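Small disclaimer: the values here were computed from a predicted structure and weren't measured. Every chain is numbered from 1, with letters handed out A, B, ... down the list of sequences.
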2 protein chains.
Amino acid sequence: MKLFASLGFDGTSTKAIAKEAGVSEGLIFKHFKNKEGLLEAIINYGMEKASVYFSEVILISEPKKRIKKAISLPFTIDPNDNQFWKLMYALKWQRAEYQPSPFVLFRASLVDAFEQLGYDNPEVEATLIEVIIDGVATQILLKNIDAGTLLETILNKHSLN
Amino acid sequence: MKLFASLGFDGTSTKAIAKEAGVSEGLIFKHFKNKEGLLEAIINYGMEKASVYFSEVILISEPKKRIKKAISLPFTIDPNDNQFWKLMYALKWQRAEYQPSPFVLFRASLVDAFEQLGYDNPEVEATLIEVIIDGVATQILLKNIDAGTLLETILNKHSLN
DNA sequence: ATGAAAAGTGAGTAATCACTTACAAGTATA
DNA sequence: TATACTTGTAAGTGATTACTCACTTTTCAT
């Protein structure tokens, strides 16, 4: 994960992975069949942890609170998961096939929340939340921004406090 | 640009580039010294075009209009430049060194605009605009979203219409 | 028309790539 | 303790990689 996140999938050799892990190169292929299999294992591992956070949002019944929680997600990224999310965002731009299903349910729950609140265009409102989450995640993962006041500012603009 | 944008820098071979361009592989190295040099040439070419759009924002003196124009930028991406921006956003996650200088001036002009408008925290407000631009660009380049009403919705939340 | 520079080619190069295979060491159960 | 299975290694494999070099063709001012 460390190497894929910093050098990219194609930029990382299986030899380098073996060295970093302190094992022989052959062992990688015994365990994961091929390089692609290793990537899939990493993604599955990460998404399993990530889907916990998504559920936490979806399970909130009060629509305003649900949207609030959704926006706060990128602000609460566990620094230990930083490399995973960097890898996920990097993959976004290269591999359309790796857009996992948890995201679909997440979006649907946002649309539902805005419908409950009687917004004119729930779909567009949900897209805007996704836009903000994507943008905040980008800034947090790549730069070191003053996240504290930013969350408040966003919630203000969206009348969510 | 086409190949780098779709397959990534490491995922694209110089042989493939030569074939796509209809020239010999050797010619690439005559013109650009090495593969990295070709990437730099592509980035310079694209940034030259992009800086025109940034100037258009910076040169607007009226602060509200300047911010409005800034937010509208990702909505007005020339489809011909789509591949370039995909490449730029993909590189973002792999190569920190390719964060070009025009962006710095652009951000400064946003902070200045919010200062003029008397906002409590112009830095955070500017960051939020960057967040939105990043997020919108991501959505527009990767998915095909209903951009029309999204822009209006954003301007509404930020009292910019 | 001439000649030198620029543009272009194609067959190389060593290095690196993902991956395989033959074999050894460890581990658990009967 | 014997056996079967898993875990692990080291030395390969052919293919592909970025890049070079000797050479030919084109361009263009004189």
Side-chain angles (χ1 to χ4, degrees), chain A residues 1-49 80-100, chain B residues 1-49 80-100:
Chain A
M1 191 185 295
K2 182 173 160 186
L3 291 172
F4 282 162
S6 59
L7 303 169
F9 179 76
D10 292 313
T12 306
S13 69
T14 51
K15 189 179 176 180
I17 296 168
K19 194 180 173 187
E20 178 79 17
V23 296
S24 67
E25 210 179 337
L27 191 59
I28 294 172
F29 296 93
K30 270 249 162 83
H31 272 280
F32 304 103
K33 192 187 171 195
N34 52 29
K35 197 184 170 186
E36 194 81 24
L38 174 57
L39 177 64
E40 278 166 28
I42 290 173
I43 291 173
N44 288 341
Y45 169 80
M47 281 312 297
E48 218 162 290
K49 283 171 69 180
N80 298 326
D81 297 339
N82 239 297
Q83 278 163 348
F84 170 71
W85 287 110
K86 273 191 185 176
L87 175 56
M88 288 301 290
Y89 272 91
L91 283 173
K92 246 187 153 163
W93 295 95
Q94 229 95 97
R95 315 201 157 209
E97 69 268 24
Y98 284 132
Q99 279 306 94
Chain B
M1 192 185 296
K2 183 174 161 186
L3 291 173
F4 282 162
S6 58
L7 302 170
F9 180 74
D10 292 313
T12 306
S13 69
T14 51
K15 190 179 176 181
I17 296 167
K19 193 181 173 186
E20 178 79 18
V23 297
S24 66
E25 211 179 335
L27 190 59
I28 293 172
F29 297 92
K30 269 250 161 82
H31 272 280
F32 304 103
K33 191 183 173 196
N34 52 30
K35 196 183 170 185
E36 194 80 24
L38 174 57
L39 178 64
E40 278 166 28
I42 289 173
I43 291 173
N44 289 340
Y45 170 79
M47 282 311 298
E48 219 161 289
K49 282 172 70 181
N80 298 326
D81 296 338
N82 239 297
Q83 278 162 347
F84 169 71
W85 287 110
K86 274 191 185 176
L87 176 57
M88 288 300 291
Y89 272 92
L91 284 173
K92 243 184 155 162
W93 295 95
Q94 229 97 93
R95 317 203 158 210
E97 71 267 22
Y98 283 133
Q99 280 303 93

Novice: Can you tell me if the side-chain N/O atoms of A/H31 get under 4.0 Å from OP1 or OP2 in D/dG8?
Specialist: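 Result: yes.
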Novice: In whole angstroms, how far is the P atom of C/dC19 from the CG atom of A/L39?
Specialist: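 That distance rounds to 12 Å.
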Novice: Could you run down nucleotides 10-17 of chain C 5' to 3' and tag each one B, S or - for protein heavy-atom contact under 4.0 Å?
Specialist: B------S
Novice: Using side chain to side chain contact (heavy atoms under 4.5 Å, CB included) as the criterion, point out the one residue from B/L91, B/T12, B/N44 that pairs with B/L39.
Specialist: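 With B/L39 as partner, B/L91, B/T12, B/N44 yield a single side chain to side chain contact (heavy atoms under 4.5 Å, CB included), made by B/L91.
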Novice: Taking the side chain as every heavy atom from C-beta outward, state whether A/M88 and A/K92 have any pair of such atoms under 4.5 Å apart.
Specialist: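 SC-SC contact between A/M88 and A/K92 ruled out.
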Novice: May I ask you to test the A/T14-A/L38 pair for a side-chain heavy-atom distance under 4.5 Å?
Specialist: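 The answer is no; the side chains never approach within 4.5 Å.
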Novice: For A/K33, what residues pass the side-chain contact (heavy atoms from CB on, under 4.5 Å) criterion, not counting sequence neighbours?
Specialist: none
Novice: What is the distance, rounded to the nearest whole Å, between atom CG of A/L38 and atom C1' of C/dC19?
Specialist: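 In whole Å, C/dC19 C1' and A/L38 CG are 14 Å from each other.
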Novice: Looking only at the side chain of A/K30 (C-beta and beyond, no hydrogens), which of the listed nucleotides D/dT20, D/dG8, C/dC19 gets closest?
Specialist: D/dG8
Novice: Do A/M47 and A/F84 come close enough that some side-chain heavy atom pair is under 4.5 Å?
Specialist: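 Answer yes - side chains close enough.
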Novice: Send over the distance from B/L3 CG to D/dT17 P, rounded to a whole Å.
Specialist: 12 Å
Novice: Tabulated below should be each protein N or O lying under 3.5 Å from an N or O of nucleotides 25-28 of chain D; please produce it.
Specialist:
none

Novice: Under 3.5 Å, which N/O atoms of the protein pair with N/O atoms of nucleotides 24-27 of chain C?
Specialist:
none

Novice: Measure the distance from CZ on A/F32 to P on D/dG8 and round it to the nearest whole Å.
Specialist: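 Atom-to-atom, A/F32 to D/dG8, this comes out as 11 Å.
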Novice: side-chain contact (heavy atoms from CB on, under 4.5 Å) with B/K49: which residues, sequence neighbours excluded?
Specialist: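 B/K49 satisfies side-chain contact (heavy atoms from CB on, under 4.5 Å) with B/Y45, B/D81 once adjacent residues are dropped.
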Novice: Do B/F9 and A/D10 come close enough that some side-chain heavy atom pair is under 4.5 Å?
Specialist: no
Novice: Residues in side-chain contact (heavy atoms from CB on, under 4.5 Å) with A/K19, at least two apart?
Specialist: none
Novice: Please work out which of the three classes, parallel, tilted or perpendicular, describes the rings of A/W93 and B/Y89, given edges at 30° and 60°.
Specialist: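 Parallel, since the angle between the ring planes stays under 30°.
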Novice: Specify the separation, in whole Å, of atom CG of B/N34 and atom P of D/dT17.
Specialist: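 The answer, rounded to whole Å, is 17 Å.
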Novice: Can you name the nearest heavy-atom pair linking B/F29 to B/N34, along with the distance?
Specialist: CD2-CA, 3.7 Å
